[in-house]
Amino acid sequence: MGLDISVMIADWSWLAEVPPPERLVRLRDAWYADETGLWDDGTPQPEGDFTWPQGPDGAFFALYEFRGTMGSFKAHFWAGQRWESLRDHADPQVRAGLEALLLGLVRDGTDGEAPHTDPGFFCDDPKVSYGVLLARSPESVRELAATWERVEPLLGGLSPVFAEHAAVPGGWVGEFGEFTALLEDWGRVLAEAARRGWGVVGLSQ
């Protein structure tokens, strides 16, 4: 079984009502609660959209379902690999924006040390924060959302270089449309979180 990821937007002020070591527990408990309706058998989650939970904490977080990923982190990993193949051939303006976006969300970078979590909000003890793949504060989200707004109109120009340098038909994110769809989904996550002044969290169960 590969690594999974569940991406949520969350109200940072609600999480901040408890000490840092308890914040991840609070989010997980709210997410796993039976009354959310998120775990009802036979209730499909809409792809490319948010699902708002029911129950007492339903106003404080929402779950986003990425298109065509089946909840797997593989799509996000391979988007980073496709970008690695084409980044040197991209227009400099697009390259700078997408590099910042992907490094801020899912890509590890050449040194493997790209920061996907802002320190200090959740407990920094790895035993407590186990399963956190992404944790971006409202401030970081605003920056990433602004980067996405600048880059999105320029994505179409990547199609020829993607076809030449990164396409892997039949592979994960092997077509340009799959690559842009994943980026667009991230753009929706960032835009909605920024609009609300919330953070973004990616958890592995």
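Residue indices begin at 1 and follow the sequence shown.
- Once rounded to the nearest 0.5 Å, the distance linking CH2 of Trp14 with CZ of Phe61 reads 6.0 Å.
- Both Leu24 and Tyr32 belong to a single network of hydrophobic side chains, linked directly or stepwise wherever heavy atoms of I, L, V, M, F, W or Y lie under 4.5 Å apart.
- Smallest separation of non-hydrogen atoms from Ala75 and Val173: O-CG2, 3.2 Å.
- Ring geometry for Trp12 against Phe122 counts as perpendicular: the plane angle is over 60°, on a 0 to 90° scale with 30° as the lower cut.
- With hydrogens and angles ignored, the 3.5 Å screen pairs a side-chain donor or acceptor of Thr69 with a backbone N or O of Gly71.
- Closest of all the heavy-atom pairs between Val200 and Ala193 is CG2-CB, 3.7 Å.
- Transitive grouping of hydrophobic side chains (ILVMFWY, heavy atoms separated by less than 4.5 Å) brings Leu154 and Leu190 into a common cluster.
- Side-chain atoms of Arg82 come within 3.5 Å of backbone N or O of Trp172 as a donor-acceptor pair.
- In terms of modelled atom types and a separation under 3.5 Å, the side chain of Glu178 and the main chain of Gly174 share a donor-acceptor contact.
- In this model, a donor atom of one side chain and an acceptor atom of the other lie less than 3.5 Å apart for Thr147 and Arg150.
- A continuous path of ILVMFWY side-chain contacts below 4.5 Å connects Leu63 to Trp39, so both sit in one hydrophobic cluster.
- Ring geometry for Phe50 versus Trp52: interplanar angle of 30 to 60°, hence tilted.
- Note that the CG atom of Leu203 and the CZ atom of Arg28 stand 5.0 Å from one another [nearest 0.5 Å].
- Under the 4.5 Å side-chain criterion, counting only non-hydrogen atoms from C-beta, Glu65 is in contact with Glu47.
- In terms of hydrophobic clustering, with Ile, Leu, Val, Met, Phe, Trp and Tyr side chains grouped at heavy-atom distances under 4.5 Å, Leu3 and Leu105 are assigned to a common cluster.
- Around CG of Asp34, the count of heavy atoms belonging to other residues, nucleotides or ligands within 6.0 Å does not exceed 12.
- In this structure, the side chains of Leu183 and Leu102 come closer than 4.5 Å at one or more pairs of heavy atoms.
- Within the model, atoms OG of Ser13 and CZ of Phe60 stand 7.5 Å from one another, a figure rounded to the nearest 0.5 Å.
- A donor-acceptor contact closer than 3.5 angstrom is absent between the side chains of Glu192 and Trp198.
- Contact of the Val106 side chain with the Phe73 side chain is registered, since non-hydrogen atoms from C-beta on lie closer than 4.5 Å.
- Contact record, Thr51 with Pro46: OG1-CD, 3.4 Å, taken as the closest heavy-atom pair.
- Panel note: side chain Asp118, backbone Ser137; a donor-acceptor pair is recorded below 3.5 Å.
- Salt-bridge formation is detected for the pair Arg67/Glu184: a Lys NZ or Arg NE/NH1/NH2 atom is positioned less than 4.0 Å from an Asp or Glu carboxylate oxygen.
- Taking a cutoff of 4.0 Å between a charged side-chain nitrogen and a carboxylate oxygen, Glu17 and Arg26 qualify as a salt bridge.
- When hydrophobic clusters are built by joining Ile, Leu, Val, Met, Phe, Trp and Tyr residues whose side-chain heavy atoms come closer than 4.5 Å, directly or via intermediates, Met70 is grouped together with Ile5.
- Between His89 and His165, the ring planes lie parallel to each other; the angle is under 30°, not in the 30° to 60° tilted range.
- Listed here is the closest heavy atom pair of Gly37 and Gln54: CA-NE2, 4.4 Å.
- Both the sub-6.0 Å distance and the 45° axial angle are satisfied by Arg23 relative to the ring of Phe121.
- Classified by interplanar angle (parallel below 30°, tilted 30° to 60°, perpendicular above 60°), the ring pair Phe162/Phe179 is tilted.
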> Are Glu99 and Trp83 close enough, and set up right, to give a side-chain hydrogen bond (donor to acceptor under 3.5 Å, both in side chains), and what steps lead you there?
Replying inline: CA-CA 8 Å; Glu99 185 79 349; Trp83 173 242; 2.7 Å; yes
